[in-house]
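Shown next, in structure tokens, is the structure this report addresses.
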Amino acid sequence: MSDTYMTADSMHVLQVDDTPLLDEPVGFPDSRGPDSLTLTTTDRADSALARLEGTAIDGIVAADDLPDRSGRAFVDAVRERDNNVPVLLLTESESVASDALSNGVTDVFRRDTAVGCGDLLANRIRLLVEHHQSTAIASQTRRQLTELAEQSNELLWVFSGDWTEIQFVNSAYETIYGRSVESLQANPAEFMTAIHPADQDSVMQAMQRVSAGESTELEFRITRPDGEQRWVRATAQPIVEDGTVARIVGASRDITEQKRRESERAAELDSPDTPVDAVPDLFYALDENGNLVRWNDALAAATGHEDADLASMALTALFAPADRESVRQGIETAFATGETAFEADLLTADGTAAPYEFTGGRITTADGSALGVAGIGRNTAPRDSHQQALERQNERLEEFVSVVSHDLRNPLDVARGQLELARRDHDSEHLDAVKRSHDRIGQLIEDLLTLAQNGEAALDSEPVPLQTVVEQCWQTVETDDATLELRTSAVIRADPSRLRQLFENLIRNSVEHSQTPHTDRQDGTDEQRVITPRSQSQGAASDLTLTVGELADGFYVADDGVGIPADERENVFESGYSLVSGSGFGLRIVDEIVDTHGWSITVAESDAGGARFEITGVEFETA
């Protein structure tokens, strides 16, 4: 018998009992799942088995002693037809109950308890059926993911955070490395023995960086058991749980053929006959894959990179992240149409961005095939790149917002609903851990949406009292027993909604990172007001004090927590960066809001040794 699935409105249950305890209608008004139970009742085992053959049944309630067969024999016959359908056995015998659970019965229910309490019995079978359906869906999902991985030409793998255990690998490992999956599972360090000796140090360093929480991508050579040498490009991403790298996921692919073509094309392009160093503008030449293979002294001087560095860098690394897609499209246009022109910010070695206009044309061989692209880049006058950057960002984020809000939220809502059902039937600390993971995923989704949508809507500035918006945020953010001090009565021009997002994320950041006792401070002469925290629970922030004050051209948010190490302050606004187990997008959202307003933000140490965020370039509203 094939698996059956209950409808959204009703669950079909077969009741096999000569004195049935369930009568229709049976409703579940408070259920997230089906809101009613449809019954098919028979008093004989043979009749019930016949109905199983032609009717989609979601669950069975059966007496332990039927007129034509014992309950045990009936269950055996059911299992010959369907090994999955949930069976709830009604009995008053402890020995029958114990024996039944070890011989195909899903659960037992005392018959004397069910008499007169049909709602209890109906609810029990509902929970059994919903648990069965949830398990079946999860199993099907795992099977589909495994099948999908096996269809990929890339080597997909999952290691433990310390690289000592291989948790998943697809069969592409055998194709690329020439070794069996079983041998890698038995010895997770096996893949290291295949790496070329000259590349082993760089691979080990990359592995250490990922174990420390950093994503990486690198290329290296491997030697197969038959002696053949291959090139591999691998990417690795850490999965952080509770502040610790729990797993490392990655993908590897064979790039040997690509490396061979690059070598051949570079040799053709590397002609000493062209006096490119005499060109005052930047000169560049790309191979057929869009990789930089030739340049002049002007390019090296403009970027501040040595020739050896440029030779090993990806082309996109020379440009600001926001412009990299435009660069790719510009290169593709040159190959497709024969010429291209685009603007992009060139990054120097110290991270400074400089605006350039690039033009280029396709280089072809004698037979007309594309050999590469060559062109020049000219520095352009200062321009208002702020609005252009926002427009480019909006185009890229529109699809991203759709995926996050629908394709991630919907499965999460389903998972939360199934978890709630499971906790009704069997609560445990393991389910608590699942709930925490769901909550963390939910916060990550909300932060991603906030980060994406900050660039979508136009800025709508108006006079906003800092005191009012901070107090509103304090009432909506979980602050434990932290204390708020307001030392400003200023009114600034800002977008109210985005300003509130800014303060909510700064407050949440201080609370999440507070780990040290509060240090008493003397009150200053500025206007000050102490607000009692809305939460009276004991937590990490029980002694934290957060201060919002006024600057000559802006405002600051400071706390007396552990602060941010000096060598980490330049990194805190990067996406995914976090010193705790948060989503790592909170301060990135703050930076985006500040940038959208045309303000500036810096991180320093507060007077109490905690963190201090200073927002400047703010326009004050005067009476």
Side-chain angles (χ1 to χ4, degrees), residues 138-139 141-150 152 154-170 172-173 181 184-185 188-189 191-192 203-218 232-253 400 403-404 407-416 418-419 429-452 508-509 512-513 568 571-589:
S139 177
T141 300
R142 287 193 298 270
R143 184 170 60 254
Q144 290 173 340
L145 289 174
T146 300
E147 292 173 353
L148 181 63
E150 288 303 325
S152 173
E154 289 195 342
L155 166 57
L156 307 177
W157 44 266
V158 180
F159 272 88
S160 59
D162 59 1
W163 299 92
T164 60
E165 178 187 356
I166 181 72
Q167 299 177 353
F168 174 80
V169 62
N170 64 348
Y173 176 74
V181 168
L184 179 64
Q185 292 171 335
F191 77 97
M192 283 297 299
V203 173
M204 288 293 295
Q205 292 172 10
M207 292 168 63
Q208 292 170 2
R209 291 196 300 271
V210 180
S211 292
E214 178 184 343
S215 300
T216 190
E217 179 176 353
L218 76 161
V232 173
R233 176 179 293 142
T235 59
Q237 175 76 34
I239 304 299
V240 180
E241 295 179 357
D242 298 328
T244 302
V245 176
R247 294 179 303 282
I248 298 169
V249 299
S252 305
R253 60 190 179 95
F400 171 79
V403 171
V404 171
D407 293 356
L408 293 184
R409 271 180 168 167
N410 284 358
L412 180 60
D413 289 341
V414 172
R416 281 173 166 165
Q418 296 295 341
L419 175 62
E429 60 182 14
H430 300 297
L431 295 181
D432 292 337
V434 173
K435 183 181 185 301
R436 289 193 296 272
S437 295
H438 286 173
D439 291 342
R440 184 178 174 198
I441 295 171
Q443 184 62 53
L444 178 61
I445 291 174
E446 293 303 321
D447 284 350
L448 285 170
L449 286 175
T450 300
L451 184 62
R508 185 180 297 114
N509 178 75
E512 290 178 346
H513 290 78
E568 298 288 343
N571 303 323
V572 296
F573 297 112
E574 296 178 0
S575 297
Y577 183 89
S578 179
L579 295 175
V580 295
S581 59
S583 68
F585 289 100
L587 292 181
R588 179 59 180 164
I589 293 171

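- Between S211 and I248, the closest side-chain pair of non-hydrogen atoms falls below 4.5 Å.
- Separation of atoms CH2 (W157) and CG (N170) is listed at 11.5 Å; rounding is to 0.5 Å.
- We find the CZ-CZ distance between F168 and R247 to be 13.5 Å, quoted to the nearest 0.5 Å.
- The minimum heavy-atom distance linking A246 with E241 is given by the pair CB-OE1, 3.8 Å.
- Nearest heavy atoms, A212 versus V245: C-CG2, 4.3 Å.
- For the pair S215 (side chain) and Q237 (backbone), a donor-acceptor distance under 3.5 Å is absent.
- Environment of CE in M204: sparse, with no more than 12 heavy atoms of neighbouring residues, nucleotides or ligands closer than 6.0 Å.
- Put simply, CD on Q205 and CG on L218 are 10.5 Å apart, with the number rounded to the nearest 0.5 Å.
- Atom CD in E154 sits 8.0 Å away from atom OG in S252 (nearest 0.5 Å).
- For the 3.5 Å distance criterion, the side chains of S160 and D162 qualify, holding a donor opposite an acceptor.
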> Is there a side chain to side chain contact (heavy atoms under 4.5 Å, CB included) between I239 and V249 once you walk through the steps?
Replying inline: CA-CA 7 Å; I239 304 299; V249 299; 4.1 Å; yes

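- Heavy-atom minimum distance, V572 versus L587: O-CB, 3.4 Å.
- Annotation for I166 and Q185: closest pair CG2-CA, 3.5 Å, computed over non-hydrogen atoms.
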